[in-house]
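Naming: A, B, ... by sequence-line order, numbering from 1 per chain.
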Amino acid sequence: MLDKNFNPESFEKSFSFEIEASLRKPNAEPFMVLLPPPNVTGSLHMGHALCYTLQDIIARYKRLMGYDVVFQPGLDHAGIVTQLLVEKSLYEGGAEKGSLTRETLLKEIWFFKENSGNTILNQIKTLGISCDFSRLRFTMDEDSRKAVTKMFVKLFENGLLHRRKKMINWDPLIGSAISDLEIVEKEVDSYLWYIKYRLADSSESITVATTRPETLFGDVAVAVNPSDQRYLHLVGREVMVPLVNRKVPIIADSHADPEKGSGAVKVTPAHDFNDYDIGVRHKLPILEIMNLRGELNENVPELFQKMDRFVARRKVVELLEKKELLEKVETIKQKIPFGDRSNVPIEPMITYQWFVDAEKLAVSAVKAVENGKIKFIPKHWENLYFEWLNNVRPWCVSRQIWWGHRIPAWYGPDGQIFVAESLEEATVKAGQFYGKNVVELVQDEDVLDTWFSSGMWPFVTLGWPRQTSDLGRFYSKMIIVTGFDIIFFWIARMIMMGLFCMDEVPFCEVYIHGLIRDEKGQKMSKSKGNVINPLDLCKKYGVDSVRWTLASTTSPGRDIKMNEHSVENGRNFLTKLWNVVRFAKMNGCLYNHDFKVEDVSYPMAKWIVYKIKQMVSQVGSAMAEYRFDEVTHHLYHCLWDSFCDWYMEFIKPIFQQSSLKNDEKRGYDLPHTLLKKDIRDTTSWAIVQFVRVLYPIAPFISKKLSGEMGVMEISWPIIGEIDAAEAIEEVEFLKSAISSVRSMKQYLHIPPTEKVSVRLESDSYDVADLIVKYGEAMHRMVGINFGKITEQTVPVVLNRAVIYMELGSKIDMGKERVRLSQDMKKLLQNKENMLFRLANEDFLNNAPEETIWDHQKRVEEIEDKIQKIDYVLRSLEVV
RNA sequence: GGGCGCAUAGCUCAGAGGUAGAGCACUACGUUGACAUCGUAGUGGUCGUAGGUUCGAUCCCUGCUGCGCCCACCA
C-alpha cells in the first residue's frame with residue numbers, strides 16, 4: 001500500500017532510465033534529440049533544467065509514439081572558460097604566474113576534466129534526463145579530434161578557410177583573439193577629451209576629440225569631413241601629434257562626423273576598426289603602439305613604454321594638460337566592448353589569425369531555413385537568424401590559448417603553410433613543395449574556437465567522418481532545443497558546417513525556449529543573489545514536481561518567472577494523483593488487461609472514458625506542437641476536475657455500498673456486485689491512462705504508480721471507439737444539477753452538513769432511473785434526499801428540469817422573487833442580444849452556418865430556462 | 001539608427017473573428033475512510049491607446065504609448 005504522504009524521495013532513486021534510453025528499434029522511424037553539450041566546468045542551473053527537461057519530454061514522448069530515438073548526450077571542452085578556471089585554481093594553489101607550460105597546464109586540465117566533468121552528468125541523471133549515456137561524447141575526445149582536423153583541412157582545401165593578417169578583437173587578459181560574438185557592449189562613464197593638434201607650419205591648431213588619448217602615439221593622420229567648411233582650408237596640411245611632435249597629414253574622410261566631438265578625429269589605424277578602414281582608404285601607415293598584454297610598446301616615448309593602457313591614458317592626459325594642449329573635457333556615457341569571459345575592454349589588434357569565410361557558408365544556411373527544411377519554433381526567431389547570417393563577417397576561429405583542438409597547420413622555415421590531418425601528411429606535402437625529404441615543420445601554436453567543434457556536433461556524434469549507419473539514419477532527423485542566446489554561436493554554425501560537410505541540413509526543428517528569471521522578472525545571477533538551484537528544488541519538492549512546473553510554465557516566446565509557489569503547484573498535482581491511486585488500491589482496483597472500453601455500460605464510466613480519450617488526444621496534439629503548457633493543462637484538468645471531482649465522487653457509493661446499513665441505503669440499491677467490477681476496471685484503466693500520458697513529463701511517479709496498478713511497461717494509450725453521447729448528456733446534467741443545488745445551499749446559508757429533501761421534476765429525464773443510479777452519490781455530494789416534499793420549496797432551475805428543495809420556514813419568498821427576477825432579466829437581455837443578431841440580414845448572409853445554428857440553439861436553451869423561471873415565479877406569487 | 005517580442009482578473013499567464021479562461025491570491029462555508037499538499041460556493045476584466053477592415057474585433061491591419069530584448073554605430 002502506498003504511503004499516506006506523498007514523498008518523492010522515497011522512490012525517485014529507485015528508477016534508472018538508462019536501459020530504455022539505450023534501446024534501439026531498428027525498424028522504426030528514426031528521431032534524434034541532440035543535447036546541447038554542457039561545459040565540463042558546468043553545474044546545473046535553472047536554464048539547463050528547463051532546456052534538458054523539455055528535450056527529455058520530447059524524447060520520451062517520441063519513444064512512446066514508437067520512434068527509434070537517439071537522445072545524444074555530450075560534454076563541451078569550453079576552451080577559454082575551462083582554461084581560465086583551471087589556471088585560476090592553480091594560481092590560487094600557489095603556482096607562479098607565467099610559470100605554467102603548455103604541457104603541464106593541459107595535464108592539469110585533463111585531470112580536472114576527469115574528476116569534475118561528471119558533476120553535471122550526474123546532475124542531468126538526477127533530473128531524470130533519459131539520454132543514452134552509453135553514447136556519451138566529449139568535444140575533445142579522440143574521434144572528435146580526428147573529425148575537427150578533417151573538417152579544418154576540408155574547409156582549407158575548399159578555399160573557405162584562410163590565415164590572414166587582420167584587425168581582430170583582442171582580449172588582453174586572456175591573451176587571445178576572440179570572435180565578434182564573444183564581445184559584450186557595456187555602458188560606462190567616460191570622458192571625451194578635446195586635444196589641440198598644432199599645425200606644423202603655423203601657430204594655428206585643430207582640436208580633436210577622443211575617448212582614447214593614449215592612442216595618440218599611434219596617430220598617423222587627423223581626419224575631417226570633406227563637407228565641413230570649418231576645416232576645409234586645413235585639408236592637406238600637416239599637424240604635430242602632441243607629446244611626440246610627429247608630423248601627420250590632415251585628410252578629408254567622410255567617416256569624420258561634423259556633429260560629433262569637434263568634427264575632427266585622430267586616426268590610429270593600428271588600434272581602431274574605423275581608423276583601420278580610413279588608413280586603408282588613404283594608404284596611411286600603420287603604427288602599432290601596444291603589445292598583446294595591452295601595454296604600450298617601444299614605439300612610444302620611453303616614459304610610457306610597458307605602461308598599461310589605462311595608466312598611460314591618465315598619464316597622457318596629465319601631460320597634455322601641463323602643456324596646455326587639452327582644450328576641454330566632457331563627461332559622457334560610452335558603450336565599450338568587453339570580453340564576455342574576461343570582462344576587460346577588448347583591444348582591436350592587427351594579428352595573424354585563421355578565418356572561416358562564413359559569408360559563403362551562410363548562403364545555403366539561409367536558404368535551408370527560408371525553404372522550410374529547418375523550422376524554428378517559435379517562428380519569429382528565424383528573423384534573428386536571417387539578420388545575423390545576412391550580415392555575417394569572417395569567423396575568426398583561432399585562439400591563442402592551449403585548451404582546445406590544435407590547429408592542424410604546419411609552417412616551413414620560410415613560413416610556408418601546410419594544412420594537413422597529421423604531421424606526417426604535412427611533412428609529405430612539405431617535401432613535395434620544397435623538393436626535398438627532410439623539412440623542419442613547426443605546428444601552429446593556436447587552438448580552434450570551441451564553437452568550431454560544437455558546430456560539428458550533429459554529425460560528429462553520429463560517427464563522422466566514418467560512414468556509420470547512424471549517420472545515414474539520424475542525421476537531419478533531429479531536433480535541437482536551446483535558448484535564443486546561442487542561435488548565432490551554435491545553431492547557425494551547425495547549419496553552415498552541416499550543409500558544407502554533409503550537403504544536407506543537420507536537423508529539421510529548432511525549439512527556442514525562454515529564459516528563466518526570478519519572480520520579479522530579473523535575470524538570475526550570482527551577483528544579484530537571486531539564483532534558484534534546481535537541485536535544491538528537486539530535493540524539496542521532488543524531481544517530477546520540478547519537471548512538471550517547468551513544462552507547465554513554459555510557453556512559446558515567453559520567459560519564465562520562476563518561484564517556489566509554482567513548484568508547490570506541481571507538487572500538489574502529483575500529490576493528488578498519488579492519492580487517487582491510494583483510493584483505487586483501497587478499493588481493490590488493479591489493471592485488468594482484458595478490459596475493453598467498448599464494453600463499458602455505466603454512464604459515469606462511459607463519460608470518464610470519453611473524457612480521457614479526449615484528453616489523450618489533446619495532449620497528443622499539444623505534444624506535437626511542443627506546447628508543454630497545454631499538455632500539463634489538459635492532464636491537470638482532466639484528472640482533477642473530471643476524474644477526481646466528479647467520477648470518483650460518483651463511484652464512491654458503488655465501492656462503499658456494502659458497508660452501509662440497510663436503513664442508510666435509502667432504497668438506492670443497484671446491482672452492485674456486477675457494477676463494482678466494471679467500475680474497478682474502469683477506474684484502474686483510467687488511472688493507467690493518466691499515468692501513461694504523464695510519463696514524459698514526470699517519469700518517476702509515472703513508473704511508480706504504473707507499477708502500483710500492475711502495469712510494468714509504459715506505452716501511449718490507444719483507446720477504442722465508444723458511443724458516449726447519451727452518457728455525456730446525462731452526466732453533464734447531473735453535474736449541473738449538483739452544482740446548482742450546492743450553489744443554492746450556499747446562497748441560502750444552509751450548512752453543508754444539513755440534509756435537504758428535494759423533488760426532481762423533468763419531462764426529458766426518467767427521474768426514477770436517475771435516482772436509482774445516482775441518488776446515493778447525490779446524497780453524499782450535496783446532502784439531498786429524494787422524497788416527498790410537504791413544506792415550502794425553493795426551485796433550482798436547470799436545463800430541462802427543476803429541482804425543488806424543501807426549506808421549511810427558512811425561505812424568504814420576497815428575496816427569492818427578487819433573485820429569480822434578476823436571473824430572468826439577465827436571460828432576457830441575453831436572448832435579446834442573440835435575437836438581434838439573428839434578425840440582422842448581414843449576419844445571416846455572412847456568418848458561417850455553424851455560428852448561426854449555434855445562436856439559434858442558445859436561444860432555445862435560454863427560452864427553456866426563461867419558461868421555467870417564469871413558471872416558478874408565478875407559483876411563488878400564489879404562495 | 002535597424003529589427004524582434006510583449007501589453008487580457010490583485011499576481012503569473014493561456015486564448016480564439018461570434019456568450020472573456022486557468023492557476024495562485026482573496027471571501028464565505030466545510031475535516032466521519034483518497035487527498036487540508038484538500039473540498040464546496042463565490043468576488044474579481046469596457047482584453048494598453050487611437051484609427052481602419054468586417055454583419056460582428058479583445059483577436060486581423062495601421063499609427064501611438066509603455067516595458068523587455070537583439071544587432072549596428074558612437075571621436
Measuring only the [atom1] atom in each nucleotide, how far is [N] from [M]? A whole number of Å is fine.
N	M	atom1	value
U58(B)	A20(B)	P	11 Å
C67(B)	C24(B)	P	32 Å
G44(B)	U37(B)	C1'	26 Å
C35(B)	G39(B)	P	12 Å
G10(B)	G45(B)	P	7 Å
C13(B)	G17(B)	C1'	22 Å
A57(B)	A14(B)	P	25 Å
C6(B)	G48(B)	P	13 Å

What about [X] and [Y], are their ring centers closer than 6.0 Å?
X	Y	value
F6(A)	F573(A)	no
W381(A)	Y511(A)	no
Y385(A)	F376(A)	yes

Please work out if [X] contacts a base, only the sugar-phosphate, or nothing of the nucleic acid, heavy-atom cut-off 4.0 Å.
X	answer
P848(A)	base
T851(A)	base
Q334(A)	sugar-phosphate
H637(A)	sugar-phosphate
M648(A)	base
K4(A)	sugar-phosphate
A256(A)	base
E382(A)	nothing

Which nucleotide in the list [options] gets nearest to the side chain of [X]?
X	options	answer
N569(A)	C24(B), G33(B), C71(B)	C24(B)
R627(A)	C73(B), G3(B), G15(B)	G15(B)
R517(A)	A72(B), A34(B), G68(B)	G68(B)
K561(A)	C73(B), U12(B), C55(B)	U12(B)
R558(A)	C6(B), A34(B), C55(B)	C6(B)
F488(A)	C70(B), A34(B), U19(B)	C70(B)

Could you tell me the separation between the [atom1] atom of [X] and the [atom2] atom of [N], rounded to a whole number of Å?
X	N	atom1	atom2	result
N5(A)	A36(B)	CG	C1'	12 Å
E9(A)	U37(B)	CD	C1'	16 Å
R837(A)	G17(B)	CZ	P	15 Å
R780(A)	G33(B)	CZ	P	11 Å
N390(A)	G3(B)	CG	C1'	13 Å
D485(A)	C4(B)	CG	C1'	15 Å
I560(A)	G68(B)	CD1	P	20 Å
K520(A)	G68(B)	NZ	P	16 Å

Next on the checklist: As a quick check of understanding, evaluate salt bridge (charged side-chain N to carboxylate O under 4.0 Å, His left out) for E330(A) and K328(A), giving each step before the final call.
Outcome noted: CA-CA 7 Å; E330(A) 283 174 7; K328(A) 61 171 174 173; 3.4 Å; yes
Checklist entry - So D629(A) and H633(A), side-chain contact (heavy atoms from CB on, under 4.5 Å) or not? Walk me through it. => result CA-CA 6 Å; D629(A) 55 335; H633(A) 182 87; over 6 Å; no
Next on the checklist: I want to confirm an ordering. Mapping Y636(A) and D559(A) to their closest nucleotides on RNA chain B, which one lands closer to the 5' end?
Outcome noted: D559(A)
Checklist entry - Between N383(A) and H565(A), which is nearer to the 5' end of RNA chain B once each is assigned its nearest nucleotide? => result N383(A)
Taking the side chain as everything from C-beta on, heavy atoms only, tell me whether [X] gets closer than 4.5 Å to [Y].
X	Y	answer
I784(A)	I738(A)	no
K540(A)	E564(A)	yes
E347(A)	N169(A)	no
W193(A)	R212(A)	no
V239(A)	V248(A)	yes

For a quick test of reading the model: is some side-chain N or O of [X] closer than 4.0 Å to OP1 or OP2 of [N]?
X	N	value
N846(A)	C55(B)	yes
R571(A)	G23(B)	no
N563(A)	U12(B)	no
S555(A)	C13(B)	no
Q656(A)	A34(B)	yes

Item to check | Heavy-atom donor-acceptor pair, E649(A) side-chain to A34(B) base, under 3.5 Å | outcome: yes
Next on the checklist: Assess, by modelled atom type and distance only, whether the side chains of T553(A) and K561(A) contain a donor and an acceptor separated by less than 3.5 Å.
Outcome noted: no
Item to check | Base versus backbone protein contacts along nucleotides 39-45 of chain B [heavy-atom cut-off under 4.0 Å; B, S, -] | outcome: SBSS---
Checklist entry - Who pairs with D3(A) by salt bridge (Lys or Arg N to Asp or Glu O under 4.0 Å), at least two apart in sequence or on another chain? => result none
Item to check | Nearest atoms (heavy-atom pairs only) where A264(A) meets T207(A) | outcome: CB-O, 3.5 Å
Checklist outcome for this item: Stems with RNA chain B, 3 or more Watson-Crick or G-U pairs in a row (under 3.5 Å), are B:1-7 with B:65-71, B:10-13 with B:21-24, B:26-30 with B:38-42, B:48-52 with B:60-64
